[in-house]
Amino acid sequence: MTTASPEDLKPGAVESKGLKGGALGLLGSIVMGVASTAPAYSLAASLGFIVASGGAILAGVKSPGIILLAFVPMYFIAVAYQELNKAEADCGTTFTWATRAFGPRTGWMGGWGIIAADVIVMANLAQIAGSYSFTFVGGVIGNSDIQALSGDVVWSTAAGLIWIALMTWICYRGIEVSARLQYFLLAIEVVILVAFAVVAIVRVATGNGETYSIPFDISWFWPFDLDFGSIIAPAVLTAVFIYWGWDTAVAVNEESDDPGKTPGRAAIISTFLLLATYALVAVAAISFAGIGTEGVGLGNPENAEDVFSAIGPELFGNSVIGNILLFLLYASILTSASASTQTTILPTARTTLSMAVYKAMPANFAKIHPKFLTPTWSTIGMGIISAAFYLLFTLISTNLLNALIGSVGLLIAFYYGLTGFACVWYYRRTLTKNVRDFVMRGVIPLLGGLMLLAVFVFGLVQYALPDWLTDDDGENVTIFGIGAVAVVGIGALVLGFVLMFVWQYVAPAFFRGDVLEKRADDLILHGEGTRAYFGLPDSSEYPTVISPDLSNLPPGQTAIDPKTGERYTRPQPTDLLLRSGRMCSKFRAHRPVSQVLLRGRTPKCRR
């Protein structure tokens with residue numbers, strides 16, 4: 001792997017970590033962002049928990065409103081991602097940006113939040129993919145015995161591990177292979193979800209629904225008459241989970257055709273596409289199945305793990321066409337979970353790659369395959385750790401797998417919210433330059449961070465209740481007497497703190513700020529007749545932002561402080577002449593050379 005020195009970078013360029021640049025365009029980045037959320041799987045595994053919890057109605061018919069409400073902070077944080085990506089298109093995303101804004105320890109925990117969330121969710125993804133594999137294969141060959149294996153813990157776990165291994169291998173083979181597969185898988189998924197929604201809505205609208213069906217009412221999109229602490233906050237945390245994944249579009253920024261612009265645009269577009277899909281399917285599912293706690297009702301705790309398996313047979317019936325549509329529904333959930341397994345590995349591998357490049361993790365995680373141009377240790381390591389975590393939770397209790405969605409919601413709120421705050425703090429010195437920057441880099445990211453902080457705190461309180469989650473026998477799912485959802489989420493963050501201080505002891509360079517210094521949006525590249533904008537070297541839309549130490553200022557060019565108007569230049573070899581006219585080849589100065597020269601002095605030559 002080779003890394004370009006800051007002096008070699010030009011506006012619009014990215015400091016290379018060895019990844020394959022230019023591999024993804026806007027469409028490919030959008031596909032990565034949407035596919036990473038696994039719309040079919042996310043709805044199947046989450047909608048029931050938004051409607052109800054433990055057999056008690058939670059958001060109920062207001063679930064579409066909760067989904068709409070959860071979109072607001074997701075959009076706000078997507079804006080923060082877009083703005084920070086203009087500043088520094090680094091595949092470490094939250095890790096890099098939070099380090100720049102707040103310092104190394106906060107940045108490290110931001111990176112850990114991404115890693116922990118992805119590892120935890122892989123257990124749920126693998127479980128769904130493994131279970132649906134038998135449902136899918138058994139349906140293809142018409143073998144009910146094979147279909148029955150979907151409920152067998154041993155067989156579904158084995159199949160889930162195979163899916164993890166397969167998707168790890170695909171990610172290892174290259175970003176373009178991954179993207180091509182996602183085009184195919186996402187197309188199947190979206191078509192079937194739309195078909196599901198259309199059939200459900202038409203049946204209810206034409207009076208051909210079931211006795212438990214509920215006609216749609218626009219009030220379903222107004223959730224503010226619900227209690228915030230006990231209903232809205234925990235429901236939004238679960239709804240946040242179904243949006244989670246669009247940031248993959250930004251995590252592959254160094255592999256896009258325009259790192260400064262394409263990933264941010266893809267993230268924004270992805271969130272709107274997800275909102276449209278989720279709102280449509282949620283309304284259709286609730287309208288057809290109702291929110292009852294019996295039968296196919298979405299309030300039935302037996303349906304919470306997979307609402308589509310409960311609704312599908314009733315919706316499509318036993319006709320030939322109905323069986324085909326049901327089979328395709330199962331196929332879409334399988335492809336959704338498998339696609340998300342792949343796109344969960346992708347961003348995590350790139351986060352650990354970035355952390356390793358900046359010495360925040362062992363150096364082996366920075367290795368790049370010479371042919372495929374993908375992270376080697378980071379990709380394989382993610383697969384191995386995910387498989388081990390999946391096995392551990394399955395061996396302890398399969399009921400704990402149900403706790404993972406809520407706990408992942410806590411981690412998502414943590415690192416998404418941190419990104420929003422990082423955006424505001426990074427740009428704090430230039431926010432008032434114009435109205436656009438004040439809103440897009442200040443108000444919107446701050447609101448997104450505050451909203452996620454609020455739902456994190458209130459949701460955590462509810463998740464910690466012993467009776468928040470119950471198993472099939474009605475027993476509380478707890479760890480040390482505390483709700484398992486809260487323990488898993490907070491336990492993951494505590495583990496991160498421990499690992500952070502261990503690594504700081506082993507390799508303190510990153511934590512001293514030696515390799516990734518804390519900074520703000522201070523200096524900009526300035527040229528004659530050029531209007532001053534604010535960005536970093538990777539953005540072709542904005543001229544280069546210069547770090548305070550002038551390390552990335554191109555030779556021969558000038559930087560300007562937007563607040564004071566003071567100009568700065570890098571020293572040239574001819575600037576290092578002694579007063580006697582002799583060149584000093586070796587010298588030491590108490591201050592950086594650029595600072596000495598800017599004060600009109602010449603550094604002394606010391607033997």
Worksheet item: So do the side chains of N85 and W97 get within less than 4.5 Å of each other, counting heavy atoms only?
Response: yes
Would you mind writing out the side-chain donor-acceptor pairs for residues 492-512 within the sub-3.5 Å range, not counting sequence neighbours?
{"residue": "W503", "atom": "NE1", "partner": "K359", "partner atom": "O", "Å": "3.1"}
{"residue": "W503", "atom": "NE1", "partner": "A360", "partner atom": "O", "Å": "3.2"}
{"residue": "Q504", "atom": "OE1", "partner": "R105", "partner atom": "NE", "Å": "3.4"}
{"residue": "R512", "atom": "NE", "partner": "D514", "partner atom": "OD2", "Å": "2.9"}
{"residue": "R512", "atom": "NH2", "partner": "D514", "partner atom": "OD2", "Å": "2.8"}

Worksheet item: Are side-chain N/O atoms of T352 and S378 paired as donor and acceptor at under 3.5 Å?
Response: yes
Fill in: F102 ring center within less than 6.0 Å of F421 ring center
no
Worksheet item: Do any N or O atoms from the side chain of T262 and from the backbone of L26 form a donor-acceptor pair under 3.5 angstrom?
Response: no
Item to complete: On the 0 to 90° scale, with breaks at 30° and 60°, tag the F241-W244 ring pair as parallel, tilted or perpendicular.
Response: tilted
Worksheet item: Stepwise, does the side chain to side chain contact (heavy atoms under 4.5 Å, CB included) test hold for L452 with M74?
Response: CA-CA 9 Å; L452 289 174; M74 288 298 97; 4.2 Å; yes
Discussion item. Counting C-beta onward and ignoring hydrogens, is there a side-chain heavy-atom pair between T271 and Y243 closer than 4.5 Å?
Written reply: no
Fill in: Check: T376 side chain, K367 main-chain N or O, donor-acceptor pair, under 3.5 Å
yes
Practice prompt. Using a strict cut-off of less than 4.0 Å between a Lys/Arg side-chain nitrogen and an Asp/Glu carboxylate oxygen, indicate whether R100 and E517 qualify as a salt bridge.
Written response: yes
Item to complete: Determine whether M109 and F414 make a side-chain contact, defined as any pair of heavy atoms from C-beta on separated by less than 4.5 Å.
Response: yes
Worksheet item: Would you say P104 and L516 make side-chain contact, with heavy atoms under 4.5 Å?
Response: no
Worksheet item: Of all heavy-atom pairs between S29 and A266, which one has the smallest distance, and what is that distance?
Response: CB-CB, 3.5 Å
Discussion item. For a 4.5 angstrom cut-off between non-hydrogen side-chain atoms, does F95 reach T99?
Written reply: yes
Item to complete: Mind checking the CD1-CD1 spacing from I30 to I268? Nearest 0.5 Å is all I need.
Response: 11.0 Å
Worksheet entry | Side-chain heavy-atom pair V34, P39 within 4.5 angstrom cut-off | yes
Worksheet item: Which pair of heavy atoms, one from P375 and one from L353, lies closest together, and at what distance?
Response: CG-CD2, 4.0 Å
Discussion item. Restricting to non-hydrogen atoms, name the atom on D257 and the atom on G25 that form the minimum distance, rounded to 0.1 Å.
Written reply: OD2-CA, 3.5 Å
Response to the item:
Tightest non-hydrogen contact, residues E189 and S336, listed as OE2-OG, 2.7 Å
Discussion item. Rounded to the nearest 0.5 Å, what separates atom CD in E83 from atom CZ in R441?
Written reply: 4.5 Å
Worksheet item: Are T379 and I345 close enough that some pair of their side-chain heavy atoms sits under 4.5 Å apart?
Response: yes
Worksheet item: Counting only heavy atoms not in F389, do more than 12 fall under 6.0 Å of its CZ?
Response: yes
Response to the item:
Scanning both residues in full, the closest heavy-atom pair of G489 with L410 reads CA-CD1, 4.2 Å
Worksheet entry | Side chains of L274 and F71 in contact at under 4.5 Å (non-hydrogen atoms) | no
Worksheet item: Excluding sequence neighbours, so at least two apart, what forms ring pair (Phe, Tyr, Trp, His ring centres under 6.0 Å) with W246?
Response: Y81, Y416
Practice prompt. Find the distance between CZ (F438) and CD1 (I444) and round it off to the nearest 0.5 Å.
Written response: 11.0 Å
Worksheet entry | Spacing of CG belonging to L166 relative to CD1 belonging to I164, to within rounding of 0.5 Å | 11.0 Å
Worksheet item: Any chance the side chains of T419 and T94 put a donor and an acceptor closer than 3.5 Å?
Response: yes
Worksheet entry | Exam field: side chain D247 to backbone V250, donor-acceptor pair closer than 3.5 Å | no
Worksheet item: Do any N or O atoms from the side chain of N253 and from the backbone of D90 form a donor-acceptor pair under 3.5 angstrom?
Response: yes
Discussion item. Set out, in order, the CA-CA distance, both residues' side-chain angles and the distance that settles side chain to side chain contact (heavy atoms under 4.5 Å, CB included) for M382 and T168, then state yes or no.
Written reply: CA-CA 8 Å; M382 173 60 181; T168 300; over 6 Å; no
Worksheet item: Out of curiosity, E254 CD to C91 SG, how far, rounded to the nearest 0.5 Å?
Response: 4.0 Å
Worksheet item: Could you state the interatomic distance from SG (C423) to CD (Q82), rounded to the nearest 0.5 Å?
Response: 10.0 Å
Worksheet item: What closest approach, in Å, do L411 and G113 show between heavy atoms, and which atom pair accounts for it?
Response: CB-O, 4.4 Å
